[in-house]
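As a basis for the values below, the full set of heavy atoms in this structure was taken, side chains included, without hydrogen atoms, waters or symmetry mates. First listed ligand is number 1; within each ligand, the first listed atom is number 1.
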Amino acid sequence: MNPVFNPEREYLTISYKKFIENLAKDAGAFLKRRVGRIKKVSYKGRMNLVTDVDKRCDDLIVSRVKSAYPGHEILSEESGKGGADKSEWLWLIDPLDGTTNYVHGFNFFCVSIALMKNNTLLAGAVYDPMRDELFSAAKGTGAFLNHKRIEVSGIGRIDKALLSTGFPYGFGNSVKQNINNFVKLMKESQAVRRPGSAALDLCYVASGRFDGFWEMELHPWDTAAGVLVVKEAGGRVSNFKNELFNPFMNQIVATNRKLHKKILDVLRKETL
Ligand code: IPD
Ligand code: CA
Ligand code: CA
């Protein structure tokens, strides 16, 4: 028997995963019902949209987590810090990842929910309700799409790779820098996409649809669940310095592992 196998811990992790999967599916069903029925759109900045649907979905998720786990801390995109004051448990929630797509009727968006214990990602799920695709993972137990195991791609040549990225809201330095990165990687790879939902981009790396993904100014709620799914699918996730990623880092590179160094090398190149 594997000496590090701890049945009690495994059981707990899997039951958290089930709770998260059910919650992500319920929240996703809510998003799907509200497609085309947004009541209020406002701006959190010059380009950063938020709708009544983001907020209501946030309430739905946060209230379920609070009543099931009153002793846990919560960090969600729309309501900020919540739950207990101090805990080793932390929930990271993006009720609607891909709000710009959602507002425009471009149906590529999802719900993202993850749980950390003492800064380690334990379980997470990303649900795309329009395609009924549930990506989920629990630490040490693999990554799944609709409960079937998934793995990253085996592509080792960058000129055969399909990559994706995203751009922060606004027109700051990192947008300019990422336009530069986009051009550099477009020249080296088969193609680069910009789908507009970082959590799904990560899950597409986990399932081998993309071979790599990078972005520059993400938040813990954007990345937490997707990062665990990529890692459990055999991928590598780091920052641009190749330090192991944690959701409180804002730069991310997630790959099928084989392409990791190559993509980092291109990102570090000065010239186009
Ligand atoms: C955004 C999406 C997008 C990424 C942005 C995120 P939101 O999240 O993940 O793909 O490029 O950086 O902020 O605002 O739709 O939850
Ligand atoms: Ca997001
Ligand atoms: Ca969001």
Visitor: Would you list the protein N, O or S atoms within less than 3.0 Å of the Ca ion (ligand 2), leaving out water?
Guide: Asp94 OD2, Asp97 OD1, Asp222 OD1

Visitor: Salt-bridged, Arg149 to Glu232, with N to O below 4.0 Å?
Guide: no

Visitor: Do Tyr102 and Phe108 have ring centroids that are under 6.0 Å from one another?
Guide: no

Visitor: Determine whether the side chains of Asp132 and Tyr127 contain a donor N or O and an acceptor N or O closer than 3.5 Å.
Guide: yes

Visitor: Using side chain to side chain contact (heavy atoms under 4.5 Å, CB included) as the criterion, point out the one residue from Glu243, Met216, Glu215 that pairs with Gln251.
Guide: Met216

Visitor: Which residue, Val253, Leu202, Leu200, Val192, forms the side chain to side chain contact (heavy atoms under 4.5 Å, CB included) with Phe213?
Guide: Leu202

Visitor: Hey, are Asp265 and Lys261 close enough for a salt bridge, meaning a charged N less than 4.0 Å from a carboxylate O?
Guide: yes

Visitor: Please tabulate, one pair per line, all N/O donor-acceptor pairs under 3.5 Å involving side-chain atoms of residues 135-142, not counting sequence neighbours.
Guide:
unit_1, atom_1, unit_2, atom_2, d
Ser136, OG, Glu21, OE2, 2.7
Thr141, OG1, Ala138, O, 2.8

Visitor: Return yes if a side-chain donor-acceptor contact under 3.5 Å exists between Asn118 and Trp89, otherwise no.
Guide: no

Visitor: What residues come within 4.0 Å of ligand 1, counting heavy atoms only?
Guide: Glu77, Asp94, Leu96, Asp97, Gly98, Thr99, Gly166, Phe167, Tyr169, Arg194, Gly196, Ser197, Ala198, Glu215, Leu218, Asp222

Visitor: Holding to ring-ring contact (aromatic ring centres under 6.0 Å, His included), I want the full list of residues that pass it with Phe144, two or more places apart in sequence or in another chain.
Guide: none

